[in-house]
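All values below come from the heavy atoms of this structure, side chains included, with hydrogens, waters and symmetry mates left out.
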Amino acid sequence: MSETLDNVPETAPAEPLSEPMTIGVEAYVSEEYARAEGDRLWSRVWQQAARVEELPEVGDWLTYDIADDSIIVVRTARDRFRAYHNVCSHRGRRLVDTPPGAHDARGHGRQFVCGFHGWRYGIDGDCTHVPEREDWPCGLTDERIALKRVEVDTWGGWIWINMDPDCEPLGDYLEPAASLLDPFHLEDMRYRWRRWLVFDCNWKVAFEAFMETYHVPYTHPEFMKFGGFLGWARSHGRHSNIGYDAPKNMDENQAKLRLGTGDDPRVSTAELQDFTWENANTNTTWTLVEAAQELVKDLPAETPAHEVLAHWLATARKRDAERGVVWPTVPPEITARSGTAWQIFPNFQIGHAPNNMLCYRFRPYGHDPDKCVFEAAVYELFPPGEEPETEWIHTPQDDPGWRTVLPQDFSNMAAVQQGMKSRGFSGPKPNPYRERSVVNLHHNLAEYMGTGAPRGLA
């Protein structure tokens, strides 16, 4: 890595997708493209549908909707989930309706009953009752009328679904992200809060607003007084990750739990933690905030930055352990390589740390290329039995629950969607070092969609 923070490393051109490229606007604004995503993309990829702990009991179920498809995910045994297309095999009525304005539908039971003609299905997917079944002299076989199964698996504490019966295993699909994130034990974290809304931009515009740090000095200038917040982006096959630039002796500062810099990192770290807690309520915990507030008392002036970082994290780790919150031990080289966040293709971002994470999911809103479903959730480690009760809260764009930082990103998202349609815009031109994740997303989209591959800018 470069010795300085402002220059792109000399080795960057050798990395995949590192040359200057441009992207067409079809993927963002075309209704035809949005409709084609259903067949070419969403029906063939693994998607994060829910958390394991959201379905704690056998018979608990919820729905996950994507484009025209609705999926029922149900716990059928202590260690098993099943997923089915949410549609009655008789006349095609959805078995479960999402209440108006709700994030999804949820319930508990041992059967699903179609509200149209009363056909019934067990949680194992078999059709258990057809009124007047004797009227069908042939053809109505058990196999033909069972719910159509969807592939389902778990990783990281999430339930994942795939509508392609011939899909590759989830573990293979997620590499190398899974291997680099496994040491963080994401499955042990629980929701602190979760919010969603329907936003006026394409799901890819929303995703791209969070998959790079190039925007931080200009969209979030208040952070710059705490240090440098420019970073790198790297492609890893389907997926990508981002992290902060850091000197060689501060490799761990590429990660989410980041030291404030400047003349006195003790002070700037405390200020950064206070600001983040009050204005974003993400990427930190109260234990981290308190430990940062005591750095000036605990350490003498002129303490080297790497020692400030080590003391801060060690103090927070010790205090959490005293209250029953045990952080995983993540090797420093994994912390550095994993960065601040992973973009899991096609529509999920995991912003990880040893004791908390910030995740986003982005979904199309029907076939409207100008709208998306935007979801944000913060997780952390809690003492056993003290996990808060949370639910998906619909939060309008101007709601104060978003605090002050995320609305700054929102202001860009709708404006970008409008600008994409301008006759004066020839297409995005991502920074080859800091925004490589954007190019990687469209490189992979093109593999599925058959169009829209990034082109050399030269």
Apply side-chain hydrogen bond (donor to acceptor under 3.5 Å, both in side chains) to the pair D409 and T219, showing each step before the final yes or no. CA-CA 7 Å; D409 296 296; T219 298; 5.4 Å; no
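- The aromatic ring centres of W158 and F348 sit less than 6.0 Å apart.
- Under the 4.0 Å criterion applied to side-chain N and carboxylate O atoms, E375 and R361 are assigned as salt-bridge partners.
- At least one cation-pi condition fails for R190 and Y379: the charged atom is not both under 6.0 angstrom from the six-membered ring centre and inside a 45 degree cone around its axis.
- Separation of atoms NE2 (H108) and CG (L55) is listed at 11.0 Å; rounding is to 0.5 Å.
- Taking the side chain as every heavy atom from C-beta outward, R238 and V45 never approach each other to under 4.5 Å.
- Here D200 pairs with K371 under the side chain to side chain donor-acceptor pair (under 3.5 Å) rule; sequence neighbours left out.
- Listed by chain and number, the residues in a side-chain contact (heavy atoms from CB on, under 4.5 Å) with P400 amount to none (sequence neighbours excluded).
- Under the side chain to side chain donor-acceptor pair (under 3.5 Å) criterion, R194 pairs with E54, T390, not counting sequence neighbours.
- Side-chain atoms of N241 and H236 form a donor-acceptor pair, as typed in the model, at a separation below 3.5 Å.
- Within the 4.5 Å cutoff, no side-chain heavy atoms of W42 are placed close to those of D69.
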Give the C-alpha distance, both sets of side-chain angles, the deciding distance and a yes or no for ring pair (Phe, Tyr, Trp, His ring centres under 6.0 Å) between Y244 and W232. CA-CA 6 Å; Y244 291 119; W232 46 262; 9.0 Å; no
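- Side chain of N279 to main chain of T276: no donor-acceptor pair is present (N/O by atom type, distance under 3.5 Å, no hydrogens or angles).
- Between E15 and R436 a salt bridge is recorded (basic side-chain N to carboxylate O distance below 4.0 Å).
- Using a 4.5 Å cut-off on side-chain heavy atoms (C-beta onward), N440 and R234 make no contact.
- No donor-acceptor pair under 3.5 Å is formed between the side chain of W193 and the backbone N or O of G401.
- Counting non-hydrogen atoms of other residues, nucleotides and ligands closer than 6.0 Å to OH of Y121 gives a total above 12.
- In terms of modelled atom types and a separation under 3.5 Å, the side chain of R75 and the main chain of V58 share no donor-acceptor contact.
- No side-chain N or O of D104 forms a donor-acceptor pair with one of T63 less than 3.5 Å apart.
- No donor-acceptor contact under 3.5 angstrom links the side chains of S437 and E212, judged on distance only.
- In this structure, the side chain of S338 engages the main chain of T335 through a donor-acceptor pair within 3.5 Å.
- Annotation: side chain of K204 is in contact with side chain of E37 (closest heavy-atom distance under 4.5 Å).
- Put simply, the side chain of D399 never gets that close to the backbone of T395: no donor and acceptor are under 3.5 Å apart.
- Seen from the ring of F374, R363 does not count as a face-on cation partner, given the 6.0 Å and 45° thresholds.
- In this structure, F382 places its CZ atom where more than 12 heavy-atom neighbours from other residues, nucleotides or ligands lie under 6.0 Å away.
- Look at E151 and R82 and you find no salt bridge, because none of the NZ, NE, NH1 or NH2 atoms lies under 4.0 Å from a carboxylate O.
- For the ring-ring contact (aromatic ring centres under 6.0 Å, His included) test with F362, the passing option among F207, W203, F199 is F207; the others fail.
- Interatomic distance, OG of S235 versus CG of L17, reported as 4.5 Å (0.5 Å rounding).
- The aromatic ring centroids of F229 and Y214 lie 6.0 Å or more from each other.
- Applying the side chain to side chain donor-acceptor pair (under 3.5 Å) criterion to E222, with sequence neighbours excluded, gives Q408.
- For the residue pair Q343 / Y360, no side-chain donor-acceptor distance below 3.5 Å is found, with atom types taken as modelled.
- Counting only distance, with no hydrogens or angles, the side chain of D68 and the backbone of G38 share no donor-acceptor pair below 3.5 Å.
- When side chains are defined from C-beta on, V378 does not count as touching N281, because their heavy atoms never get closer than 4.5 Å.
- Between F410 and W402, the ring planes lie perpendicular to each other; the angle is over 60°, past the 30° to 60° tilted range.
- Using modelled atom types and a 3.5 Å distance limit, the side chains of H442 and E447 yield no donor-acceptor pair.
- A donor-acceptor distance shorter than 3.5 angstrom exists from the side chain of H352 to the backbone of G339, with no hydrogens or angles considered.
- Every residue two or more places apart in sequence or in another chain that forms a side-chain contact (heavy atoms from CB on, under 4.5 Å) with S30 is listed here: E26, E32, Y33.
- Under the 3.5 Å distance criterion, with hydrogens and angles disregarded, a donor-acceptor pair is assigned to the side chains of Y64 and Q47.
- Side-chain contact between P346 and L41 is present, with at least one heavy-atom pair separated by less than 4.5 Å.
- Residues I72 and V96 have side chains in contact (heavy-atom distance under 4.5 Å, counting atoms from C-beta outward).
- For the ring-ring contact (aromatic ring centres under 6.0 Å, His included) test with H239, the passing option among W342, W46, Y173 is Y173; the others fail.
- Relative orientation of the W277 and W286 rings is tilted, given thresholds of 30° and 60° on the angle between their planes.
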Enumerate donor-acceptor pairs with a distance under 3.5 Å from any side-chain N or O in residues 123-131 to protein atoms, sequence neighbours excluded.
unit_1	atom_1	unit_2	atom_2	d
D124	OD1	D126	N	3.1
T128	OG1	R120	O	3.4

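- More than 12 heavy atoms of other residues, nucleotides or ligands sit less than 6.0 Å from atom CD of E322.
- Using a 4.0 Å cut-off between a side-chain N of Lys or Arg and a carboxylate O of Asp or Glu, E31 and R35 qualify as a salt bridge.
- For the residue pair T285 and N356, no side-chain donor N or O sits within less than 3.5 Å of a side-chain acceptor on the partner.
- A donor-acceptor pair is defined here as one N or O able to donate and one able to accept, closer than 3.5 Å; no such pair exists between the side chain of R403 and the backbone of T282.
- Residue pairs meeting the ring pair (Phe, Tyr, Trp, His ring centres under 6.0 Å) criterion with at least one partner in residues 81-105, sequence neighbours excluded, are H90-H117, H90-W119, H103-W196, H103-W392.
- Within the 3.5 Å criterion, the main-chain N or O of A233 finds no donor-acceptor partner in the side chain of E435.
- Applying the side chain to side chain donor-acceptor pair (under 3.5 Å) test to R94 and every residue at least two apart in sequence or in another chain returns nothing.
- Remark: R44 does not engage D39 in a salt bridge, criterion side-chain N to carboxylate O under 4.0 Å.
- When atom types are taken as modelled, the side chain of Q418 and the backbone of M420 share no donor-acceptor pair closer than 3.5 angstrom.
- Every residue meeting the salt bridge (Lys or Arg N to Asp or Glu O under 4.0 Å) condition with D97, not counting sequence neighbours, appears here in chain and number order: R93.
- For the atom pair CG (L259) and NE2 (H311), the distance works out to 12.0 Å, reported to the nearest 0.5 Å.
- By the side-chain contact (heavy atoms from CB on, under 4.5 Å) test, D320 is found to be paired with T287, R323, V325, W327, N355, residues two or more places apart in sequence or in another chain being considered.
- Pairs of residues two or more places apart, or lying in two chains, that qualify as side-chain hydrogen bond (donor to acceptor under 3.5 Å, both in side chains) and include a residue from residues 180-189 are W155-D182.
- Listed by first and then second residue, the side-chain hydrogen bond (donor to acceptor under 3.5 Å, both in side chains) pairs involving residues 136-149 are R133-D142 (not counting sequence neighbours).
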